Amino acid sequence: MTFREFSPTQPVILGFDPGKDKCGLAVMGLDRQIHYHEVVPAKEAIATIGTLQQNFPISLLVMGNQTTAKRWKQQLSEELTEALNIILVDERYTTLEARDRYWQMYPPKGLTKLLPQGMRQPPRPIDDIVAILLIERYLNRLTSEE
């Protein structure tokens with residue numbers, strides 16, 4: 001687990017894309033600066049969140065609201081040593097969006113560049129990018145309600 005060399009002075013938000021086999025995690029500041037993102041095996045997710053809590057001033061956890069959300073929300077409240085406020089966010093279409101975002105973050109090289117974007121498959125799981133999008137959806141909701 002690698003963290004950027006920094007010490008955020010403002011609270012950060014933890015994005016969590018829960019899954020059966022793997023989970024996406026991301027830490028983002030209110031300034032939309034991404035401080036951490038990673039895909040972890042589902043069985044390591046809660047321990048990883050605990051480690052992130054020790055390394056970042058996490059103010060809340062934003063999580064997708066689909067299939068496994070209820071079970072994960074309950075498990076998080078039972079197993080985390082430091083309780084977190086958990087907010088559920090609509091996660092429809094985030095996988096498609098995450099695929100596009102992947103190519104923005106990691107522009108294609110070589111022959112992959114020649115493929116139309118819709119046909120490109122990211123070479124790794126993108127659950128962490130979904131977690132980033134969930135935080136952005138939450139922040140967008142906050143700013144649009146003003």
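From a predicted model like this one, the values you see are computed outputs, not experimental measurements. Basis for what follows: all heavy atoms, side chains included, without hydrogens, waters or symmetry-related copies.
If you chain together ILVMFWY residues whose side-chain heavy atoms come under 4.5 Å of each other, Leu111 ends up grouped with Leu114.
Leu133 and Trp103 sit in two unconnected hydrophobic clusters of ILVMFWY residues. Membership requires side-chain heavy atoms under 4.5 Å apart, directly or through other members. Cluster annotation: Ile49 is not connected to Val39 through the hydrophobic network of ILVMFWY side chains, with a link wherever side-chain heavy atoms come within less than 4.5 Å. At a threshold of 4.5 Å between side-chain heavy atoms, the hydrophobic network of Ile, Leu, Val, Met, Phe, Trp and Tyr places Leu134 and Ile126 in one connected group.
Residue pairs satisfying the salt bridge (charged side-chain N to carboxylate O under 4.0 Å, His left out) criterion with at least one member in residues 65-76, sequence neighbours excluded, are absent. Among pairs with a residue in residues 14-30, those fulfilling salt bridge (charged side-chain N to carboxylate O under 4.0 Å, His left out) read Lys22-Asp127, at least two apart in sequence or across chains. Pairs engaging residues 75-89 under the salt bridge (charged side-chain N to carboxylate O under 4.0 Å, His left out) rule: none recorded [sequence neighbours left out].
Under the ring pair (Phe, Tyr, Trp, His ring centres under 6.0 Å) criterion, Tyr138 pairs with no residue at all, not counting sequence neighbours. Arg137 is linked by a side-chain hydrogen bond (donor to acceptor under 3.5 Å, both in side chains) to Glu97, counting only residues two or more places apart in sequence or in another chain.
Of all the heavy atoms in Pro122 and Arg99, the pair that sits closest is CD-CG, 3.6 Å. Taking both residues in full, the closest heavy atoms of Ala69 and Gly64 are given as CB-O, 3.3 Å, listed atom of the first, atom of the second, then distance. Across Ala42 and Trp72, no two heavy atoms sit closer than the pair O-CH2, 3.5 Å. The shortest heavy-atom contact between Pro18 and Cys23 is CA-SG, 3.9 Å.
Taking CG of Asp90 as the start and CD of Gln66 as the end, the distance is 6.5 Å to the nearest 0.5 Å. The CG atom of Leu61 lies 8.5 Å from the CG atom of Leu25; values are rounded to the nearest 0.5 Å. Interatomic distance, Leu14 CG to Ile58 CD1, rounded to the nearest 0.5 Å: 4.5 Å. Interatomic distance, CD1 of Ile13 versus CE of Met28, reported as 8.5 Å (0.5 Å rounding). Once rounded to the nearest 0.5 Å, the distance linking CD of Gln53 with CG of Leu84 reads 4.0 Å. Interatomic distance, Ile132 CD1 to Arg101 CZ, rounded to the nearest 0.5 Å: 7.0 Å.
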Does the pair Arg120 and Tyr102 meet the rule for a side-chain contact (heavy atoms from CB on, under 4.5 Å), with working shown? CA-CA 10 Å; Arg120 289 185 209 138; Tyr102 175 88; over 6 Å; no

In sequence, state the C-alpha distance, the side-chain angles, and the governing distance for Val89 and Phe16, and then conclude on side-chain contact (heavy atoms from CB on, under 4.5 Å). CA-CA 10 Å; Val89 175; Phe16 181 47; over 6 Å; no

May I have the step-by-step check of side-chain contact (heavy atoms from CB on, under 4.5 Å) for Tyr36 and Val12, ending in yes or no? CA-CA 11 Å; Tyr36 164 88; Val12 293; over 6 Å; no

List the steps and the verdict of side-chain contact (heavy atoms from CB on, under 4.5 Å) for Arg141 and Ile87. CA-CA 12 Å; Arg141 206 171 67 192; Ile87 305 232; 3.7 Å; yes

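Heavy atoms from other residues, nucleotides or ligands lying under 6.0 Å from CG of Asp31 number more than 12.
Between Tyr106 and His37, the angle of the ring planes lies from 30° to 60°, which puts this pair in the tilted group.
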